[in-house]
Amino acid sequence: MTDDRPSDLAPSTDALEDDPLTKERLRKYRAVVEDGGFPYAYDRTDTASELHARHGNLEPGSETGETVTVAGRLMNTREMGKLAFGVLQDVTGRIQLFVDRRTIGDDGFDEFLELDAGDWVGAEGEVITSKRGELSVRIHTFSLLQKSLRPLPDKWHGLKDVEARSRHRYVDLIANEESRTTALARSRIISELRRQFDQRGYIEVETPVLLGEATGALARPFETHHNALGEDMYLRIATELFLKRLVVGGLEKVYEIGRIFRNEGIDAKHNPEFTMLESYEAFADFDDIMTLVEEVVAACAEKITGGTAITYQGRDLELSGPYPRATMLDLVRKAVGVDIDYDSSLDDLADLARHHGIEPDDHWGSGRFVEALFDELVEDTIWQPTFVTEHPIEISPLSRAHRSKPHVTERFELFIGGAEYANGFSELNDPFDQRERFEAQAAAKSAGDQDAHPIDDDYLLALEYGLPPTGGLGVGVDRLVMLLTDKHHIREVILFPTMRPE
RNA sequence: GGGCCUGUAGCUCCAAUGGCAGAGCAGCGGACUUUUAAUCCGAAGUGUGUGGGUUCGAAUCCCACCAGGCCCA
């Protein structure tokens, strides 16, 4: 890298010494160290939100007589001569410190005035309200738990720069309430997902990330190398084939919430590493799984927003099921205004595709044409939750053929707000059919199709032992979090999104 | 990969046509016994992403590079 500007946040004693903004903080830090150092722990009795919950309705000027300890980051101080106010922020919220020279004593008061915004502070005192009614702790003593050597971002505008917020997420979390709320919402959504599957009798499992071959989806993998084995290896691009092996093994209902890696571009909806939930349930079909999806999505929405009617990017959405269902072919027919089907001639389909600005590949069958037309004409137009069903066999190499219709599978994708949120199907469990599908994929690949699945021989062996009828599901967890937190960009729901190294 | 755009103080932002680089917050000193982005007074300070080029003179124009954003593929 030729750009060798000194990093503004790189740790350097010299830099801290030279910068007038940090020099005083460093002096105070060293004074504490020389005086015995910072505490190793602090005994907190209450969080900010616990105090607000317990004393939310006090009259202005109340004194509870209740002594508590609180701890958090000091965000701001307001000095008033013989009084001072501090704002302490912990993970649950904020609580005001009320500092009265008569209560804390002259020494304590002067020490409090030495604190800087950003310092970690523990304080003990009485729960009161100020004359304006602000719930406060009128402190008797306090302890500087750790000095902050760096100034905080603007206390009103926070930290706005997208790059700085992503690279230095800790600063973003300190300064921006919204970022904290989103991080907590993500945690709650993942907890709720676990709860939903656990209570349905699913077993949470972990399957390998590091593989000899990346199978189960269409995506470029990250490559790595195992030194002791002397083998090139790949990071997983899906968990699908391993989870179905477990159903073969008799675990019957399994799910995994795991990190998936795809060596592809970064944009508003894609991060190279992202979180996917996959589940497989023996004796269920795609219809059962659609119902499951409706219930799980609605449950997560209620957990986060308190209801199923949400606003996403300024538009209303209703997430309670059942969601309307429409076949991919019917949606495409409606969009193009031509009564095509999977037996239509490839020449006619190619003309139709070109008419809509799609340049077909030579190896496309009717299924690929329908998919391309769907992507081009329909996908963006779906706003309310909708199950798109019956994807063509050609583009669904792991889905079971439809029980009564030719050319298509028992598959669905859930679209909301123009984006895909879930994908599921009745799982293909016929080992012969699966082998043919894999071989068709291999043929397509050697014919120049980049988007073709690799063959997984051990998976075929597993199918020969017998996969019961099974319904499977994949859900993009990051996107679900985006939906429920009204975020446009995936980096807003991933604490440390992938970035070019600085 | 293509197009457009951005990068100025710790943070948020100004700086017509090229002409002494500014403010608010933060920080520093002071006043203030109920503040809520406290307020008031005072002093000071620091910066044009990196490297070149054009020019008497560049934050501004040109080139390359670095990082990022938006849109498209």
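Given the structure is predicted, the values throughout are model-derived calculations rather than measurements. In what follows, every chain begins at residue 1, and chains take the letters A, B, ... in the order their sequences are listed. These numbers come from the heavy atoms of this one structure, side chains and all, not from hydrogens, waters or symmetry mates.
Spacing between A43(B) and G30(B) at atom C1', rounded to whole Å, works out to 10 Å. Comparing the C1' positions of U33(B) and A38(B) gives an interatomic distance of 14 Å, to the nearest angstrom. Rounded to whole Å, the separation between the P atoms of C4(B) and G51(B) comes to 26 Å. One P atom belongs to A59(B), the other to G68(B), and the distance between them is 26 Å to the nearest Å. If you take atom C1' in A73(B) and the same atom in A67(B), they sit 23 Å apart, rounded to whole Å. If you take atom C1' in U12(B) and the same atom in U17(B), they sit 28 Å apart, rounded to whole Å. Nucleotides G10(B) and G49(B) place their P atoms 13 Å apart, quoted to the nearest Å. Between A23(B) and G45(B), the distance separating the two P atoms is 12 Å to the nearest Å.
Minimum atom distance to the side chain of Arg491(A) is reached by C70(B), of the listed C32(B), C70(B), G68(B). Side-chain proximity of Met80(A) to C11(B), G69(B), C32(B): nearest is C32(B). Here the nucleotide nearest the side chain of Pro151(A), chosen from G69(B), G10(B), C11(B), is G10(B). Closest to the side chain of His488(A), from the set C71(B), U36(B), C28(B), is C71(B). Side-chain proximity of Glu163(A) to A67(B), A37(B), U34(B): nearest is A67(B). Checking C32(B), A37(B), U35(B) against every side-chain atom of Phe85(A), the shortest atom distance belongs to U35(B).
The closest donor-acceptor contact from the side chain of Asn176(A) to the backbone of Leu159(A) lies under 3.5 Å. Counting only distance, with no hydrogens or angles, the side chain of Tyr42(A) and the backbone of Ala123(A) share a donor-acceptor pair below 3.5 Å.
Of the candidates His391(A), Glu371(A), Arg411(A), Arg437(A), Ser396(A) forms a side-chain hydrogen bond (donor to acceptor under 3.5 Å, both in side chains) with just one, namely Arg411(A).
Computed from coordinates, the Gln96(A) CD to A37(B) P distance equals 11 Å when rounded to whole Å. The distance between atom CG of Asp375(A) and atom P of C72(B), rounded to the nearest whole Å, is 15 Å. In this structure, Asp154(A) atom CG and G27(B) atom P are separated by 11 Å, rounded to whole Å. In this structure, Lys160(A) atom NZ and G69(B) atom P are separated by 18 Å, rounded to whole Å. Residue Asp100(A) contributes atom CG, which lies 15 Å from atom P of C32(B) at whole-angstrom precision. Protein atom CD of Glu177(A) is 15 Å distant from nucleotide atom C1' of A37(B), rounded to whole Å. Glu24(A) has its CD atom 18 Å from the P atom of G10(B), to the nearest Å. Atom-to-atom, CG of Asp110(A) to P of G29(B) comes out at 13 Å; the value is rounded to the nearest Å.
Across all strands, Gly61(A) comes closer than 4.0 Å to no nucleic acid atom at all (heavy-atom distances).
Residue Arg101(A) places no side-chain N or O under 4.0 Å from the OP1 or OP2 atom of C32(B). Between G10(B) and Arg150(A), no contact under 4.0 Å exists linking OP1 or OP2 to a side-chain N or O. OP1 or OP2 of U36(B) has at least one side-chain nitrogen or oxygen of Arg132(A) nearer than 4.0 Å. Between Lys155(A) and the phosphate of A38(B), there is a side-chain N or O to OP1/OP2 separation shorter than 4.0 Å. Residue Arg78(A) places no side-chain N or O under 4.0 Å from the OP1 or OP2 atom of U35(B). Between His489(A) and C70(B) there is a side-chain polar atom (N or O) within less than 4.0 angstrom of OP1 or OP2.
Base pairing in RNA chain B yields stems of at least 3 consecutive Watson-Crick or G-U pairs, both distances under 3.5 Å, namely B:1-7 with B:66-72, B:10-13 with B:22-25, B:28-31 with B:39-42, B:49-53 with B:61-65.
Using cut-offs of 30° and 60° on the angle between ring planes, the pair Tyr29(A) and Phe38(A) is tilted. Between Phe85(A) and Phe98(A), the ring planes lie perpendicular to each other; the angle is over 60°, past the 30° to 60° tilted range. Under the 30°/60° scheme for interplanar angles, the aromatic rings of Phe369(A) and Trp364(A) are found to stand perpendicular.
The shortest distance between side-chain heavy atoms of Met499(A) and Arg167(A) falls below 4.5 Å. In this structure, the side chains of Phe109(A) and Asp100(A) stay at 4.5 Å or more apart for every pair of heavy atoms.
The 5' end of RNA chain B is approached more closely, in terms of each residue's nearest nucleotide, by Asp116(A) than by the other of Arg167(A) and Asp116(A). Toward the 5′ end of RNA chain B lies the nearest nucleotide of Asn76(A), the other residue of the pair Asn76(A) and Ala268(A) mapping further downstream.
You'll find a donor-acceptor pair under 3.5 Å spanning the side chain of Ser130(A) and the base of U36(B), going by distance alone.
Applying the salt bridge (charged side-chain N to carboxylate O under 4.0 Å, His left out) test to residues at least two apart or on different chains, the pairs with a partner in residues 114-131 of chain A are Arg27(A)-Glu114(A), Lys28(A)-Asp116(A), Asp116(A)-Lys147(A), Asp119(A)-Lys147(A), Glu126(A)-Arg138(A).
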- Task: May I have the step-by-step check of side-chain contact (heavy atoms from CB on, under 4.5 Å) for Met482(A) and His488(A), ending in yes or no?
- Result: CA-CA 7 Å; Met482(A) 288 166 65; His488(A) 169 69; 6.0 Å; no
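Taking syn as a glycosidic angle within 90° of 0, A16(B) qualifies as syn.
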